[in-house]
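Just the heavy atoms: all of them, side chains too, but no hydrogens, waters or symmetry mates, feed the values below. In this chain, numbering begins with 1 at the start of the sequence shown.
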Amino acid sequence: MNPLSEQEIIRREKLGKLREMGIDPYPAALYPVDNTSTSIKADFKEGKQVNVAGRLMSRRIAGAASFAELQDSDGRIQVYFNRDEICPGDDKSQYNDVYKKLLDIGDIIGIEGELFKTQVGEMTIMVKKFTLLTKALKPLPLPKVDAEGKVHDGFVDPEMRYRQRYADLVVNPQVKEVFVKRTKLFNAMRNFFNEREYFEVETPILQPIPGGAAARPFITHHNSLDIPLYMRIANELYLKRLIVGGFDGVYEFSKNFRNEGMDRTHNPEFTAMEIYVAYKDYNWMMDFTERLLEHCAVSVNGKTNSQFGDQTIEWKAPYPRITMRQSIIDFTGFDIDGKSEAELYAFAKAEGIDVDATMGKGKLIDEIFGEKCEGNYIQPTFITDYPKEMSPLCKAHRDNPELTERFELMVCGKEIANAYSELNDPIDQRERFEAQVALADRGDDEAMFIDQDFLRALEYGMPPTSGLGIGMDRLIMFLTNNPSIQEVLFFPQMKPEKKALDLTEDEKTVFDILKKQTEMDLNELKGQVGLSNKKWDKAVKGLNAKKITKVEKTDESLIIKTI
């Protein structure tokens with residue numbers, strides 16, 4: 001356990017004093033909240049009696065009176081503490097001792113009061129009575145504003161914010177708005193489907209066979225059954241079983257898990273929406289997807305466009321449609337049509353694309369497209385008609401059996417949706433699964449398993465169906481102008497938290513600069529730190545000895561990086 005800071009020690013001492021006074025700092029009884037900061041401002045009436053609750057976020061004490069700010073789930077409102085209003089009798093301890101000395105910024109309090117406006121017209125609550133509801137033992141990481149209005153010491157370090165999202169939400173109000181919009185997106189999509197009488201369902205997260213996608217699964221073990229189980233990588237095969245069972249349209253917002261790398265657009269746990277509609281094809285689904293995303297953009301942001309970095313994304317339908325073959329021709333001049341696996345491999349190698357001998361035709365084409373084409377599509381664009389090898393669950397193209405009736409929707413160089421005319425020929429499906437097994441035998445650890453029960457379901461007959469999957473986390477990134485998936489997940493996966501180390505002031509100075517970039521030229525960092533040679537050498541050696549940093553030699557210079 002880390003040692004307590006001076007402020008934490010003082011707050012615990014105050015906690016003890018409150019208990020000595022007979023005040024429970026964590027009372028069990030409900031508090032009768034009847035208003036919020038927003039409802040008060042929307043329906044303000046001078047003299048109205050209100051009960052509110054929230055965190056004490058600032059205060060300006062001037063003897064017998066004090067203005068403060070209370071923050072609730074809606075926002076902030078000014079409150080006014082007056083000693084004689086709170087303590088009309090001779091005993092002034094509730095104001096002089098409890099409010100002035102024993103409360104801290106971050107404490108959660110309930111307030112009974114009366115509305116009034118200050119001389120400058122600010123809506124304010126005159127406090128008649130306050131109740132401590134929760135004593136905060138850690139100080140909030142609140143930013144400081146100097147006399148010139150400049151903000152200092154803001155809670156902006158991404159790693160700290162993601163690890164302590166609870167503190168992030170309190171001190172950075174704009175973060176909450178992202179998650180409010182995330183919920184609006186889910187509600188908008190759900191309403192769009194429900195209006196068309198599609199049925200929301202739930203399918204298993206623990207599965208005997210990981211199916212529906214090409215991905216590396218997480219594996220666990222069921223003790224009672226003594227069998228391995230896999231965490232869901234996709235829900236596709238279960239939703240199709242329901243189409244076999246007679247549902248005309250089913251959808252699910254599913255938590256999926258893929259045992260793969262993490263970066264700005266990937267988290268091992270993510271949310272996907274998948275919908276399957278009987279008697280439709282991928283052409284119908286493109287039209288449906290355009291209308292769906294236009295509806296979602298308006299529901300989330302009130303307009304059909306959204307800002308993402310320097311780009312303005314226009315979500316209004318219709319979107320361009322380009323075949324994968326044509327896209328690769330456009331950006332490389334290479335025509336994949338009729339090419340053998342050896343020819344595709346040779347082209348990819350010649351272009352400097354990272355491929356290996358375990359990859360079949362489908363993976364090679366996917367790597368070529370991903371490296372050379374995908375990043376060029378900023379506005380929503382459908383890439384259609386994928387080679388058969390890339391799509392083992394997709395129906396062969398009606399005009400070219402070497403292709404499939406599939407599309408992916410690209411936005412800002414990333415795929416956010418994937419859709420098929422679903423393969424419903426059980427014999428063809430079995431052959432495709434067997435081809436995946438052959439790839440697994442060559443070392444492809446993302447190749448699909450054969451799902452015998454799903455094949456049996458298809459043999460009972462699945463009507464012509466189109467399916468669509470949308471990455472919800474990635475979509476909300478584009479709708480809220482967040483380039484990192486960690487910003488749109490309440491609790492993204494993180495590396496294990498390193499235990500706090502006792503750093504000297506000079507070591508801390510060096511590390512605080514380095515951790516913002518993780519890697520720097522040693523001389524450049526030395527120049528920014530501004531320590532004497534002796535102090536610099538001692539600080540770097542200390543960080544290296546504590547295994548926080550390491551120094552490596554390159555062809556040009558020495559670099560220092562965090563471990």
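With salt bridges taken as basic N to acidic carboxylate O contacts below 4.0 Å, none links E274 and K240. By the 4.0 Å N-to-carboxylate-O rule, E294 lies close enough to K316 to be salt-bridged with it. Here D287 does not pair with R291 in a salt bridge; the nearest charged N to carboxylate O distance is not below 4.0 Å. With salt bridges taken as basic N to acidic carboxylate O contacts below 4.0 Å, none links D281 and K395.
A ring-centre distance under 6.0 Å is found for F347 and F334. Note: Y319 and Y377 fail the aromatic proximity criterion, with ring centroids not under 6.0 Å apart. The aromatic ring centroids of F247 and F199 lie less than 6.0 Å from each other.
For the pair R196 and F192, the cation-pi criterion (under 6.0 Å, within 45° of the ring axis) is fulfilled. Taking the centre and axis of the six-membered ring of F478, the NZ or CZ atom of K414 falls outside the cone set by 45° and 6.0 Å. R182 forms no cation-pi arrangement with F179, by the criterion of a distance under 6.0 Å to the ring centre and an angle within 45° of the ring axis.
For the residue pair E459 and R430, the shortest heavy atom distance occurs at OE2-NH2, 4.2 Å. Considering every non-hydrogen atom in both R161 and F155, the closest pair reads CD-O, 3.3 Å. Nearest heavy atom pair, residue A419 against residue M285, reads CB-CG, 4.0 Å.
Between F253 and Y251, the ring planes are perpendicular. Angles over 60° get that label, and only those under 30° would be called parallel.
Of the residues T203, I205, N235, the one that meets the side-chain contact (heavy atoms from CB on, under 4.5 Å) test with S254 is N235.
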